[in-house]
*Asks:* 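The structure follows.
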Amino acid sequence: MMPSAQLPRRCWAEIDLAALERNLKLIRASLPPGIRYVAVVKADAYGHGLPQTAARLMHAGADLFAVANIAEAMAIRELSADWPILLLSAVLPDEDKYLAEHALAATVSSADEVQRFDAVGRAAGRPIDIHLKVDTGMGRLGVWHEQAAALYAQIRAASGVRLAGIFTHFASADEDPVFTAEQRRIFVALLAQLPGLDPTSLFIHADNSAGLETTPGHGGVFNAARVGLLQFGVLPHPNSLLARVRTEPVFSFHTRVGLVKELPAGTGVSYGRTHTLRRPTRVAILTAGYGDGIARACSNRGAVLIHGRRCPILGRVCMDQTIVDLTDVPGEVRCGEPVVLVGRQNGAEISVAEFSAWSDTIPWETLCSVTKRVPRLYRNAAGV
Ligand SMILES: Cc1ncc(COP(=O)(O)O)c(C=O)c1O
């Protein structure tokens, strides 16, 4: 059987690794001096492909990788035996041993976790690196800030763990600067009351992409930022001040025309006949559907680019096919021609944010929802 990598493409994503590298450098240049770069590459690097993305971010000088789980960390370990890695999600008890085996830093939120990791570090004869996470109002992982000083004292007394970082996470950095400032204030006040804290030996971090909009110009006590979405060239919200950083999209999403045909006015289109043609219509049947990552919620809402023109989606998106209106595209459109779902074509653009809005979701989810059927093609794989 022919390997699928050699077959013609029906739906694919293009990942521009040179843009990723430029983005990291632009973000770094926009930050106060001395801020270390924590590259958030969980969920297969937001769907971009973890090994390829992490390798390029290493080349670009990421200081630390943040992932969700051990499997993701081990994918990075295949690239580098010692590049620092932080697990952002809770570690399960049967995963503890991998912290020592693969030199992974764990997020700590509780006394129980300190005891577990302390035991693992003592048994291994080498302390486990931990980042103490403080809940300043996210209501997810982290020790509640009022109990953080006690947990800090417990960590200092445990010989099997080494405090490598302290951090918090913002709940609404993209929409509530007042609450974000309050979370920042609580965190900074806590740091000031922790005895023996040596910021030079720790990663002290809070900002995700949206948080960077409100980073104090001098960095304050913070010496690291955890960047996910922005490094992929997507803004955390439409009016983001981070537009000034001028990152570029790394991801684009493509399919092709499978069939062109004319249908009479009054015809119902696709499952459920949720769209009825108001005029004689030239339609294109595309070779991608929700089985590839075009959300079914884009039915009758979204559009695609063909010859640089916007063509509305007609009726329901199907598993492998999507129907669009070609009537207003001048000239002939042929079977096999390229279609842009997300990205640029002849000066027109559909952004990840716009594509996401059609299905009432956010760019983070869209990027994670391109399915494994869709090959990722890596552009500019050689270093810049
Ligand atoms: C704890 C934590 N830090 C940082 C990030 C990165 O956020 P963003 O993609 O908005 O930069 C995430 C993303 O979900 C996260 O969960």
Side-chain angles (χ1 to χ4, degrees), residues 20 23-24 26-28 30-31 35-48 50 53-54 57 60 62-69 72-73 76 84-91 104-109 113 130-143 145 164-177 179-180 183-184 187 203-215 222-243 245 247 249-251 351-353 356 361-369:
L20 178 68
N23 288 347
L24 184 151
L26 287 166
I27 295 166
R28 208 190 253 300
S30 75
L31 293 173
I35 301 280
R36 281 176 285 179
Y37 191 101
V38 183
V40 181
V41 291
K42 56 203 173 89
D44 201 27
Y46 292 38
H48 291 70
L50 180 50
T53 301
L57 291 168
D63 295 295
L64 167 68
F65 287 102
V67 296
N69 60 41
E72 293 173 350
I76 297 177
I85 301 175
L86 169 63
L87 295 167
L88 289 175
S89 300
V91 177
L104 309 178
T107 292
V108 159
S109 311
E113 288 168 326
I130 56 174
H131 287 227
L132 171 60
K133 185 162 191 181
V134 182
D135 185 349
T136 53
M138 172 73 183
R140 198 175 64 175
L141 286 191
V143 59
H145 59 90
I166 303 191
F167 72 116
T168 191
H169 191 47
F170 296 133
S172 316
D174 52 346
E175 53 193 7
D176 191 342
F179 189 72
T180 305
Q183 283 192 267
R184 209 185 278 282
F187 185 68
F203 280 78
I204 300 181
H205 45 119
D207 291 302
N208 55 358
S209 296
L212 294 176
E213 292 188 26
T214 58
T215 308
F222 299 97
N223 62 22
R226 297 187 309 277
V227 188
L229 194 71
L230 188 64
Q231 72 195 341
F232 299 111
V234 182
L235 296 176
H237 60 97
N239 303 319
S240 173
L241 299 174
L242 295 168
V245 181
T247 58
V250 173
F251 165 91
S351 67
V352 180
S356 305
T361 189
I362 53 174
W364 293 262
E365 189 181 37
T366 294
L367 292 170
C368 292
S369 304

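It should be emphasised that the depicted structure is a prediction, and the values quoted were computed from it without experimental measurement. Counting starts at 1 for both ligands and their atoms, in listed order. Values below: all heavy atoms of this structure, side chains included; hydrogens, waters and symmetry mates excluded.
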*Asks:* Using the test side-chain hydrogen bond (donor to acceptor under 3.5 Å, both in side chains), find all partners of T136 that sit at least two apart in sequence or belong to another chain.
*Replies:*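 T136 satisfies side-chain hydrogen bond (donor to acceptor under 3.5 Å, both in side chains) with T168, Q183 once adjacent residues are dropped.
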*Asks:* Give every donor-acceptor pair under 3.5 Å between a side-chain atom in residues 36-43 and any protein atom, sequence neighbours left out.
*Replies:*
residue : atom : partner : partner atom : Å
R36     : NH2  : L202    : O            : 2.9
Y37     : OH   : Q231    : OE1          : 2.8

*Asks:* For the residue pair P363 and A353, what are the closest heavy atoms and their distance?
*Replies:*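 Scanning both residues completely, I find the closest heavy atoms to be CG-CA, 4.1 Å.
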*Asks:* With sequence neighbours left out, what residues match E113 under side-chain hydrogen bond (donor to acceptor under 3.5 Å, both in side chains)?
*Replies:*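 Result, side-chain hydrogen bond (donor to acceptor under 3.5 Å, both in side chains) vs E113: S110.
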*Asks:* Please tabulate protein-ligand N/O pairs under 3.5 Å for ligand 1, atom names and distances to 0.1 Å.
*Replies:*
residue  : atom   : partner : partner atom : Å
ligand 1 : 3 (N)  : R226    : NE           : 2.8
ligand 1 : 3 (N)  : R226    : NH2          : 3.4
ligand 1 : 9 (O)  : Y46     : OH           : 2.6
ligand 1 : 9 (O)  : L229    : N            : 2.8
ligand 1 : 9 (O)  : W364    : NE1          : 2.9
ligand 1 : 10 (O) : W364    : NE1          : 3.3
ligand 1 : 11 (O) : S209    : N            : 2.9
ligand 1 : 11 (O) : S209    : OG           : 2.5
ligand 1 : 11 (O) : G228    : N            : 2.9
ligand 1 : 11 (O) : L229    : N            : 3.4
ligand 1 : 14 (O) : K42     : NZ           : 2.8
ligand 1 : 16 (O) : K42     : NZ           : 3.4
ligand 1 : 16 (O) : R140    : NH2          : 3.3

*Asks:* N23 and side chain to side chain contact (heavy atoms under 4.5 Å, CB included): which partner among T247, L57, L230?
*Replies:*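 With N23 as partner, T247, L57, L230 yield a single side chain to side chain contact (heavy atoms under 4.5 Å, CB included), made by T247.
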*Asks:* Can you check whether F187 and H145 have ring centres sitting under 6.0 Å from each other?
*Replies:*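 When the ring centroids of F187 and H145 are compared, they turn out to be at least 6.0 Å apart.
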